[in-house]
2 protein chains.
Amino acid sequence: MRASAESNGGGADDDAAQVMGDGRHARHVTLKDVAELAGVSVSTVSLVMNEKKNARIAVKTQERVNRAIRELHYRPNALAQNLVTGTSKFIGLLTDSIATTPFAGQIIHGAQDRAWKQGYVLLIVNTEGNEDIERQAIRMFLEYKVHGILYSTWYHHEITLPQSLKDMNTVLVNCYSDTENLISVVPDEFNGGRTAAKMLLEQGHRRVAFINTTVESPARTGRLAGYRRALAEQGIAEDPSLIVDAEPTQEGGRAVAEVIRASGATGVCCHNDRVAMGLYDALRNRGIMVPSDISVVGFDDQEVIAAHMLPPLSTVALPHYELGASGVDAVLAPPVHLDDHRVLIACPAVHRESISALD
Amino acid sequence: MRASAESNGGGADDDAAQVMGDGRHARHVTLKDVAELAGVSVSTVSLVMNEKKNARIAVKTQERVNRAIRELHYRPNALAQNLVTGTSKFIGLLTDSIATTPFAGQIIHGAQDRAWKQGYVLLIVNTEGNEDIERQAIRMFLEYKVHGILYSTWYHHEITLPQSLKDMNTVLVNCYSDTENLISVVPDEFNGGRTAAKMLLEQGHRRVAFINTTVESPARTGRLAGYRRALAEQGIAEDPSLIVDAEPTQEGGRAVAEVIRASGATGVCCHNDRVAMGLYDALRNRGIMVPSDISVVGFDDQEVIAAHMLPPLSTVALPHYELGASGVDAVLAPPVHLDDHRVLIACPAVHRESISALD
DNA sequence: GTGAAAGCGCTAACAT
DNA sequence: ATGTTAGCGCTTTCAC
């Protein structure tokens, strides 16, 4: 058996390795090898491999071919396949920062899962904000004939699109560019803010404070608008003293604790979990307990923090996984009829123990 | 010139674009196109593109070719290149979880940076522990003819290697398998523990507690050994009551606060930042202040937490970035003369404000 | 100096 | 039902 060995003639000795079927160093078994072993033509092998439905191959032949494939541990060469079909199975993913935040990971994860399910593989490059890397990466994507490109940022904001992306099948993830017509997959900030407020309102809170971020962004404006809508829906008049700005960090949360205390709010929506964490600290230092004295809601759902605070923090999740997944969907099958080219992804409530019921 | 525009006939209006050299939708310009425009053969173009030194091309020809390349916005087809040279520029990266931890991100980032610098691109797949995905991923790596594979885990532990990886150029990152001869790139737990203890010792602390993790792992044994060594180096006798176990979470830290207080330790090494965070909480509830009453050192350097605690936490960093980067190095150029096939990566001290000096 | 030609491993008509 | 024949876009001898 393994007659193919001879057919290679007295050629190079470098692939005697093939001898034992243990797969070790099975130096590039090709279609031709399989064909020879099975005693058929390469096209036949190709046909059975791809299970083409039109071309009917005799069952016996199929078996023979399959046996050969297994014996030789044959794996098709994706590069050759891509070349001949003229179409790769790559999707490029450009992220501005995978390092400085746990978030990007989830976007990648979502994109990866979805792409995988459709038979695509992700070419990921992290630019860490470096425009040079960005340019090179796009070039590389081009050279690998990617099907499309996901351009993602770690927090939701406006970007100016690299020139070279304009000509490609690009979708923006967690960012947008109003000067382009590209599809943007972004979190639904408005309803996220509304959800946060409602979590408190539904438990009977009427005086709910809102700690906004100081950084200009869709999160800042969108969530505030959502909060207002939620109040309005309950017929609660807005009290400006209940709305305060803070840096979106633990420090920011600590800084506004006094204002929050003084406001007489029974519940407070924080811009993110980190702010909530700082707020917890500073509140406790004043002898104010969560949730018995005051209820708090976070935003983001950063597991490492939110789930392990004391008490565990009720929050609104930023749907990073879904952002990545929907991004891939949009690249593979561009949705039509979008408002403003946006695909809005919901921010779901995550109930834990930082909210108490008021009656 | 640009006669090709006509050859598209009256077709879709979407790529009349080719007309102006603005690159829009430049549908697959090939070597041949460039050759024709420049009035030379494809081989000539190939030669100038690759700046082959042996084949000397007339400077004038080079210029002509380069002009054509620029005009056409020509980019080589990496798939074709890889096919003909028989060697891809891919490195596969298998991670068990990018989702549940911020750490994997850093490994990816390091690997990505290093690979990029050497002209390689990463094929990343996140298995989230799913063996089926793992198998498929490895198959895929094979099909894309990757140069090598990085198998990485989110925390340092022993693994049993998937059968199919044994025949490949694989390096283990943040994990190891004692039954295989594969190179492992792992954090130097021993010296990490030693460093943590020394941070306290160097400030004059003599009674330093050690909160170990309950989960069996190189971190558990290695760091403890390092702590012991550090004590020994200072001629301090070990006090068993100073060594306690706890779950490696905030909850674990809170749980042992009382034991720590009772131990009379002036400083404590925590298994990780999260434990330190819980300890902070519980200590403060008892009116014990960090660092004036007690000094604490963390481990991991999880930025979101450590840098923003009150006071900011001094800690020992887990070198995830370097793990990924060195992993790529090992795949591309296997180091020789390793002890136990391990490449040990240092865990550096990160000084912040949770340690006070004793005199 | 430069071009012609032979593939790399595969798919897809078109024959048979 | 299966084999033959062209390429896909590129690199690389080997002639001229």
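All values below were derived from every heavy atom in this structure, side-chain atoms included, with hydrogens, water molecules and symmetry-related copies excluded. Note on naming: letters A, B, ... go to the chains in the order of the sequence lines (proteins, then strands), and numbering restarts at 1 for each one.
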Whole Å only: how far is the [atom1] atom of [X] from the [atom2] atom of [N]?
X	N	atom1	atom2	value
A:I57	C:dT16	CD1	C1'	14 Å
B:R56	C:dT2	CZ	C1'	14 Å
A:R64	D:dA1	CZ	P	14 Å
B:K145	C:dG9	NZ	P	9 Å

Checklist entry - With A:Y120, which residues qualify under ring pair (Phe, Tyr, Trp, His ring centres under 6.0 Å), at least two apart? => result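 Here the qualifying residues are A:H147.
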Item to check | Protein proximity profile, nucleotides 7-16 of chain D - base contact B, sugar-phosphate-only contact S, no contact -, cut-off 4.0 Å on heavy atoms | outcome: BBBBBB----
Next on the checklist: Let me confirm one number: the NE2-CD1 distance from B:H109 to A:I124, rounded to the nearest 0.5 Å.
Outcome noted: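 Rounded to the nearest 0.5 Å, the NE2-CD1 separation comes to 12.5 Å.
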Checklist entry - Hey, mind stepping through A:T85 and A:T87 against side chain to side chain donor-acceptor pair (under 3.5 Å) and telling me if it holds? => result CA-CA 5 Å; A:T85 60; A:T87 148; 5.1 Å; no
Next on the checklist: Check this for me, if you would: do B:D178 and B:R342 make a salt bridge, where the nitrogen-to-carboxylate-oxygen distance has to be below 4.0 angstrom?
Outcome noted: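 Yes.
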Checklist entry - Using a distance-only test with no angle check, is there a side-chain donor-acceptor pair under 3.5 angstrom linking B:T127 and B:D96? => result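 Per modelled atom types, B:T127 and B:D96 side chains form no pair under 3.5 Å.
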Next on the checklist: For A:F90 and B:F90, take the angle between the two ring planes, folded into 0 to 90°, and tell me which bin it lands in: parallel under 30, tilted 30 to 60, perpendicular over 60.
Outcome noted: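 Rings of A:F90 and B:F90: tilted, as their planes differ by 30° to 60°.
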